[in-house]
2 protein chains.
Amino acid sequence: MASESTHPKHFGLLVYPGFEALDAFGPMEVVNDISLSHNITLSTIAETLDPVSTIKKGKHSAGQSVLPTHTFEDAPALDVLIIPGGYGGFETTPKLRQWISDTVPKLGTLITVCNGASLAAQAGVLDGRSATTNKALWKECVAYGPKVNWVAKARWVRDGNIWTSSGVSAGIDATLAWVASEYGEEFANNIANGMEFTRASSSTDDPFSTLFQCADVPPQA
Amino acid sequence: MASESTHPKHFGLLVYPGFEALDAFGPMEVVNDISLSHNITLSTIAETLDPVSTIKKGKHSAGQSVLPTHTFEDAPALDVLIIPGGYGGFETTPKLRQWISDTVPKLGTLITVCNGASLAAQAGVLDGRSATTNKALWKECVAYGPKVNWVAKARWVRDGNIWTSSGVSAGIDATLAWVASEYGEEFANNIANGMEFTRASSSTDDPFSTLFQCADVPPQA
């Protein structure tokens, strides 16, 4: 548990067309709640400042749009970056991958949600790491990271300063687990209780890896 | 369970400054997932078309902004309306309350999340109904609805076509319960599994009413 003065100040949320609503806004709820008692900033970062929709064309007929605050060019230095998944996270642009590979080494903490891990893997930042990702689309997601040690039975995986979560709502558990490591369990539990959210009992509390019959995928030689 | 042809087509999300991120985007995740297999529309409705922030000034230092698609003046006729709570939901404008009181009688279904019920109560549309709301701020929330039968031990309450949920993440359970009633349990469970979300076992599966020592509040004579 870090002392107050060393707590992270600058949070970032990466968004792109077709990001998954709850992948982003589960962790954002936690970040917003941190901001009730800690003076932090949150940058919503995208390729341009145009509104970014959750709609993946050809997939969804309904969605919401968020307004970025920064582009890849003018995003501030970040302590914590959250990368959501979504149907749009499979088709990335070179610019997006470059920004991730440039940014992650300078972060204090990276949190990926769902196939946000596939996106991070495409940028190479999960190479040699243990990670998890979406369980319903497990095989499709892990294929993007041949150099990653993919752990199936995991609500989330922590490998050093990189936290990867299972699908969609698991991002809330991963973010709360990171909050507990940074600010203490009591603080994390208070946020969870305020959200009326029952936390996963541990990082391996993952019924969905069983439901979707997911198996570990070690890095390819 | 309604037949395909009678399923709702037009969904609306009400937003206002200081709405709670997960109150809105938990149910929105479910709506977006419905839209993967059903052709629906989602209108994001606010007092103006300006971006609407989750930040309640003086409370949060971090937040996100969503872009409305419609104002109260040009919002289309809706089948389903979702009203999130949030610190901004306690201080409503006459225009907001008027829109709610004009709109709700014409809806197929109203879903409120957290103190979205307090907002609906201020507009009078919960008078004579049973409802629930946020548990951490129970007494503050129920005070806005003196003519409402407030049920404490409830993840959600259904009273006819009005579904009210407990705090924040409970909105996901309430929306999935409504989905089950409208499209069937299998469809609702498939969405929940895709979200890797473990549904509350029933409408009374609510540990937070105990944690926060909430008691029923009947309507005042």
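Throughout, protein chains are lettered first and strands after them, A, B, ... in sequence-line order, and every chain is numbered starting at 1.
The structure places NE2 of B/H60 at 10.0 Å from CD1 of A/I40, a figure rounded to the nearest 0.5 Å. Residue B/D205 holds its CG atom at 7.5 Å from OG1 of A/T198, rounded to the nearest 0.5 Å. If you take OG on A/S61 and CG on B/L42, they are separated by 9.0 Å, rounding to the nearest 0.5 Å. Within the model, atoms CD of B/E20 and CE of A/M28 stand 13.5 Å from one another, a figure rounded to the nearest 0.5 Å. Going from atom CD1 of A/I172 over to atom CD1 of B/I172 covers 5.5 Å, rounded to the nearest 0.5 Å. Atoms NZ and OG, from A/K59 and B/S37 in turn, are 11.0 Å apart once rounded to the nearest 0.5 Å.
With 3.5 Å as the limit, one finds a donor-acceptor pair spanning the side chains of A/E196 and B/S166.
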| message | Under the criterion side-chain contact (heavy atoms from CB on, under 4.5 Å), I'd like the reasoning laid out for B/F197 against A/V168: C-alpha separation, chi angles, the key distance, then a yes or no. | response | CA-CA 8 Å; B/F197 180 78; A/V168 197; over 6 Å; no
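By the 4.5 Å heavy-atom criterion applied to side chains, B/N32 and A/Q64 are counted as neighbours. B/V66 has its side chain out of reach of A/L67: every pair of non-hydrogen atoms, C-beta onward, lies at least 4.5 Å apart.
Interface residue A/Y87: only side-chain heavy atoms are found under 4.5 Å from chain B. In this structure, the portions of A/S65 lying under 4.5 Å from any heavy atom of chain B include both its backbone and its side chain.
The two residues A/E29 and B/A21 come nearest to each other via the heavy atoms OE1-N, 3.5 Å. Of all non-hydrogen atoms in A/A62 and B/V31, the two that sit nearest each other are CB-CG1, 4.4 Å.
Here the side chain of B/S169 pairs a donor or acceptor atom with the backbone of A/M195 at under 3.5 angstrom.
Comparing B/D23, B/L13, B/L22 by how many heavy-atom pairs each has under 4.5 Å with chain A, the most go to B/L22.
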